[in-house]
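Note sheet for the following structure.
Both counts, for ligands and for their atoms, begin at 1 and track the order of listing.
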Amino acid sequence: MSDLKESLMNTRVEFEEKIKSLTNSKEIEALRVEFFGKKGKLTGVLRGMGQLSPEERPAAGKLVNEVREKMESVFSEYQSKIADLENSHKLKKEVIDVTLPTSYKGAGARHPLNMAINEICDIFLGLGYSIGEGPEVEYDKYNFELLRLPKGHPARDTQDTFYISENILLRTQTSPMQIRIMENQKPPIKVICPGKVYRQDTLDSTHSPVFHQIEGLVVDKGITMGDLVGSLQLFAKKLFGEDTKIRLRPHHFPFTEPSVEVDLTCWSCGGKGCRVCKGEGWIEVLGAGMVHPEVLENCGIDSEEYSGFAFGIGVERTAMGRYGIDDIRLLYENDVRFLKQFK
Ligand code: PHE
């Protein structure tokens with residue numbers, strides 16, 4: 001019995017000595033295993049009780065329980081103390097000083113092309129149009145054939161492009177969207193489709209092999225050229241000011257009949273003639289016309305019952321006029337000194 005008592009006391013003293021010097025939860029856990037674990041020191045002492053006589057056991061049991069409870073309460077006290085300590089260390093380490101200067105690089109700005117697209121789309125949204133989008137990698141069928149430009153048609157020459165395969169190409173215009181919309185939607189149709197288009201062209205101050213168009217399409221009963229002219233007139237005034245006039249010149253597109261090219265009074269001189277309009281007083285901004293009956297029929301729309309108009313606005317041209325940009329290349333070089341001016 002006295003042996004048991006002694007080793008119990010020794011274990012307790014050792015335990016209390018050791019626990020005082022611990023600094024983290026890993027050490028605490030190791031100490032737990034060392035004393036309370038299956039092969040732990042306290043467990044070992046308790047096992048020694050088996051050698052006591054039956055008379056000694058009750059007193060020994062009482063003592064053992066008291067000591068174990070003490071040790072356990074000391075243990076859990078230290079355990080939570082160390083956990084608190086570790087938590088506050090962690091919080092201190094993770095503290096963020098919100099008063100430090102940041103590495104703020106300045107807010108970005110919209111690209112002038114997107115600004116122009118947004119401005120133009122806003123005008124047409126106000127007229128009740130919805131917005132459509134379609135693929136830049138397009139079928140020959142949609143880009144040309146269903147628009148009455150069969151293989152070998154001479155008008156294809158001015159719209160040479162990159163062919164992915166014999167029947168798939170980078171679209172040369174947003175007009176294939178006319179087909180895609182009409183195939184999927186019955187009149188009344190009133191939609192604009194902005195997007196990138198591609199043509200074999202050499203980059204200079206006014207040309208780029210990749211540029212943007214906004215296609216417009218309206219199909220309903222009784223749509224006339226008068227509706228087209230009225231809509232474009234309104235668009236021109238909204239974008240460039242009340243004094244802006246439009247001029248229609250006869251033209252030819254295989255998918256519209258009649259077809260026109262549309263000029264706006266020069267945004268720089270107002271029509272008197274200047275360097276920007278090369279003395280003309282007018283600047284060409286879009287192509288348009290009445291949707292060819294065959295194109296309507298190609299999409300399953302009865303051309304006896306319905307008619308429509310379509311137009312294609314050149315976004316670069318418009319953006320350059322609207323924001324006074326004199327070289328198309330500036331729009332693609334991503335020079336922040338240029339782009340910063342459009343904030
Ligand atoms: N797609 C024509 C072009 O790129 C423009 C256009 C669109 C003409 C719609 C008529 C109707 O030149």
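If you take OG1 on Thr172 and CD on Gln213, they are separated by 8.0 Å, rounding to the nearest 0.5 Å.
Ranking protein heavy atoms by distance to atom 12 (O) of ligand 1, first place goes to Phe253 CE2, 3.7 Å.
Every atom of ligand 1 is numbered from 1 in the order shown, and the set under 4.0 Å from a heavy atom of Gln178 is 9 (C). Taking every non-hydrogen atom of Gly312 and a distance limit under 4.0 Å, the qualifying atoms of ligand 1 come out as 6 (C), 7 (C), 9 (C).
Looking at Gln213 next to ligand 1, an N or O pair under 3.5 Å apart turns up. Polar contact check, Gln173 against ligand 1: a nitrogen or oxygen pair lies under 3.5 Å apart.
Ion pairing between Glu333 and Arg329 fails under the 4.0 Å rule for side-chain N and carboxylate O. Checked for salt-bridge contact, Arg199 and Asp201 miss the test: no charged N lies under 4.0 Å from a carboxylate O. A salt bridge is absent between Arg247 and Glu261; no separation between the charged side-chain nitrogens and carboxylate oxygens falls under 4.0 Å.
In Ser259, neither the side chain nor the backbone holds a heavy atom less than 4.0 Å from any atom of ligand 1. If you look at His251 next to ligand 1, there are no close heavy atoms at all, none under 4.0 Å. Contact annotation: for Phe255 versus ligand 1, heavy atoms closer than 4.0 Å belong to the side chain alone.
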| said: Could you go through Tyr332 and Glu316, starting from their C-alpha distance and side-chain angles, then the distance that decides it, and tell me whether this counts as side chain to side chain donor-acceptor pair (under 3.5 Å)? | reply: CA-CA 11 Å; Tyr332 311 115; Glu316 274 72 359; 2.7 Å; yes
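You'll find the side chain of Leu217 stays beyond 4.5 Å of the side chain of Tyr129, heavy atoms only.
No donor-acceptor distance shorter than 3.5 angstrom exists from the side chain of Lys18 to the backbone of Val13, with no hydrogens or angles considered.
Here the shortest heavy-atom distance to atom 4 (O) of ligand 1, taken over Glu215, Met177, Arg199, Gln159, belongs to Arg199.
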